[in-house]
Every structure is written in C-alpha cells, then in structure tokens.
Amino acid sequence: MDAVRIYGGNRLCGQTTIQGSKNASLPILAATLLIEGTCEIENCPDISDVYHMQRLLTSLGCSVEREGMLVRVNTEGLSECDMPSDSVGVMRSSIMLLGALLARAGSVCMEYPGGCVIGARPIGLHLQSLRRMGVVIEEQPQGFCAEVTRLKGAVFRLPFVSVGVTENLLLAAVLAEGVTVIEPAAREPEIQALCDFLNLAGARIEGRGSDRLVIHGVEKLRPVRFRVPADRIVAGTYLCACMCTGGSVFLQDAPVQDMESVLEHARRMGASIDCAEDGILVNGRAHAGRICVLRTGCYPEFPTDLQSPFMVAMALSGCRGQIEETVFENRFRIVPELAKMGADICIQGNTAYIDGCRRLRGAIVHAQELRGGAALVTAALAAEGTSIVTNRHYIDRGYEDLVLRLRELGAAIELA
Ligand code: EPZ
C-alpha cells in the first residue's frame, strides 16, 4: 500500500542528518540548462520531485546521472524544447525550466502546470514578466509556446513577492542583453543558493539575500561543482516531530542561519533549542499553557511550508494556538484529518484557532499534499494507539527515507 503505519507514543531520541534542500535543488538543476558542459550538484536529495526534474532534463536531451547524493548534468545533448506533458503534470516546478530554456534555446512549449490542493498557483506573473524581456508567448487552452531571439534585461517592480517568478527571472536574466532589476525579489535561502550557483558559474548577480536583485547579463557561463545547502523545511519538520513526542534529537547539518523565525516560535512554545556550528539540539515538548500565535509570510518571516507541522505541534502541546496563513489560499487541508484524531481546530477565513489541550488518538488519515502529509505523520507519532497515513507518495516528494530515519530515532513506524 501507499501508506505508513505508526504506533504512537515513542519519544524520538538520537541524531539525524538533514538532507539537501528540495527547493534549492530544483531551480539549480534547471539552471544547469544555461551551461554547456557538465555540472556536478552535490547533496542533491534523493526524492521524487528531484527524480522528476532529472527525467525532464533527460527528456530535453541532457544526460543526467546520480552517484549517491551527487547528480551530474551534461547539457551538450540539449535538443528538445517541448516538455513531456506527463512530467509537467507531475512536476509543477517544471515552470522553473521556462526561463532557462528561453535563455539557452530561445523557445519552449509546455502545458500549464496544474494547481494543487494548497492553491490555484497561477503562472500569470511568470508569463507577463517574460513578455517584458522580449518573449513572444502564444497561449492555447491547454498550454503555451514561448519564443525569443535574445532576452533583453528589464526593470521589474513586481506586484507581490514570488519565489518562482524571482527564480525564473534570474535564469532568464543572467545571459540576457543588458541589466535586469527584480524588486521586490524573494529573499528565501533557496534563492540565495541559486544566486551562489549562478555567480560561481560566472554570472553577475548583485543583492543576494536582499529584496532587490540586479543582474548584469554575461555572454556565457561555465560548468561548476556546487553543494546544495541543507533543507530548512525538513529540519523544521523533524524539530516538530521532536516537540510532538517530547524527545531529544540532534539535527545534524540543520541550516541554523536560515531558521531564525522557526526556532523563535519553537522556543516560544517551550521547546529547548541549542544551536551548534553543525546543527541544532531540540529537547522536549512544548509547555502547556503557552499561547502561540503564528503568521506565515515571505522570508525571513515564518515559512508557509512549516505551517502544518507547527499546527500539529500546537495541537499536541497544551498551547492555545492561532495560525494565520498569508501565502496560499487553501493550506489548512489537514484540519479535517486531525479532527479524526481528536484535535479541536476551527478555521475562520485564513486563520486557524487551535485548542492544544487535547490528547490525540490514532486514526486512519489521508495525506493530500506534501507538507500536510508530513504533519500527519508527526501527529501519529505522538497520538495514542495506531495510525495509518495514506498517500505516502505525497510525502516522498520532499522527504528522503522518512520511515527509515524516524525508525532510527525510535519511532514505531513501518510501510503499510
Ligand atoms: C515556492 O513555490 C515553493 N516551491 C513552495 O514550496 C513554497 O511554499 C512557496 O515558494 C512560498 O515560499 C518550490 O520552491 C518548488 P510563490 P512558488 O510563487 O514559487 C501566487 C513545498 O512544499 N502567484 O512564491 O509556487 C501563488 O499562487 C512547496 O516545498 C500568483 O498568483 O510560490 C502564491 O499564492 C509548496 N501568480 C503566492 O503567489 C504567479 O504567477 C506565492 O507563491 C505566481 C505566484
């Protein structure tokens, strides 16, 4: 079955190494299309979203090989510009290939990447921005074809912050004619890693980590070897699992510098957090009676991708909690599933109110998307009795060997 079975109640104890970042790996793999030759990407997580991105690059004529956590991409054979619809359907992140393919090959045809349960996730701002760089885009009912002779730099005053649009414009701008300004640019650590990769390859990007990026177009980029940073969202998920079970876990390689808001909220909920050079030691359950108010937002505010795991930690921690979700319009999908386990959460608009004074009981629950699925697993780890979390494939999109790693930390968990 595509599920996990969990016997709740074990405290998580020990140490686990945090995998490379999914949301840094995907745009960096897309960026290899800008470079003729072979790039070597280290610490590339072995998860299904990365597998689908590798397949997409192969379908475009690149040769892609994985050796442990190293992925080699040779783009000399790049010959296709039409992305296979089955991959686009599975991989929303295929939209990231748009800017890179236009910069390298000058044309792309692809289906519209679907939305998902957390929101409609339209791509209008992507297309509108690329048109301003000289791209001619012909839209059809199912998808679009885009063409450009030479991308031209432009000054962008974006109507809102978008991680994906910032990434696409970066990939389109590094080889474009002239200067491009992106403001407000997304500041996420994954964007900073993409800037580091591109600058190492010879791009000229200024303003890394700020909300204003200035890109001076260059003629060519050179092949590089680059290490993907650790995944702050995966680290935050394990931190929640430790808080939920009242355990003690060392998160080896956790990117402390990228987790300030997450660690601050965990401390406010009563967990003890000790940061070291090479990771984070998390101790104990949050203390009852604390009031926790959380609002998601663009980096460095609290990350929307950890909203569901923290909701579970609040529901289990004796905190009366309140979560305001400001990024996606439908990201409370786990609430009905948590209610099956006895949680008391009510939603008003984009705010969830959590009464954390309840024990949770095991139940059969259904993952509906990546981060919600991981959150249901953390709830089951602490619930009384047995739980089954179905649709494990959602979780496999972003978490490497979750069952094995949790079992190594003492969880009673198995594939079902
Ligand atoms: C990236 O998605 C991440 N995905 C998401 O992580 C993350 O939640 C999100 O950024 C916000 O941090 C990857 O990096 C692969 P956005 P992205 O463009 O780029 C709206 C995970 O679990 N919007 O910053 O799609 C959009 O609908 C995933 O790992 C438009 O309206 O996010 C959303 O409401 C989930 N029109 C808001 O902007 C557009 O043209 C922010 O989205 C583009 C976006």
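Each ligand, and each atom within it, is numbered from 1 in the order the structure gives. Below, all heavy atoms of this structure are taken into account, side chains as well, without hydrogens, waters or symmetry copies.
- Between the side chains of His126 and Asn168, at least one donor-acceptor pair of N or O atoms lies under 3.5 Å.
- In this structure, Arg132 is positioned above the aromatic face of Phe156, its NZ or CZ under 6.0 Å from the six-membered ring centre and within 45° of the axis.
- Judged purely by distance below 3.5 Å, without hydrogens or angles, the side chains of Arg295 and Thr326 never pair a donor atom with an acceptor atom.
- Under 3.5 Å, the side chains of Thr16 and Tyr238 contain no donor-acceptor pair of N or O atoms.
- No donor-acceptor contact under 3.5 angstrom links the side chains of Arg397 and Tyr51, judged on distance only.
- Listed by chain and residue number, the protein contacts of ligand 1 are Lys22, Asn23, Arg92, Ser93, Met96, Ile118, Arg121, Pro122, Ile123, Gly124, Leu125, His126, Phe160, Ser162, Val163, Gly164, Thr304, Asp305, Val327, Phe328, Arg331, Leu370, Arg371 (heavy atom within 4.0 angstrom).
- Taking the six-membered ring where tryptophan is involved, the planes of Phe144 and Tyr112 are tilted, since the angle between them lies from 30° to 60°.
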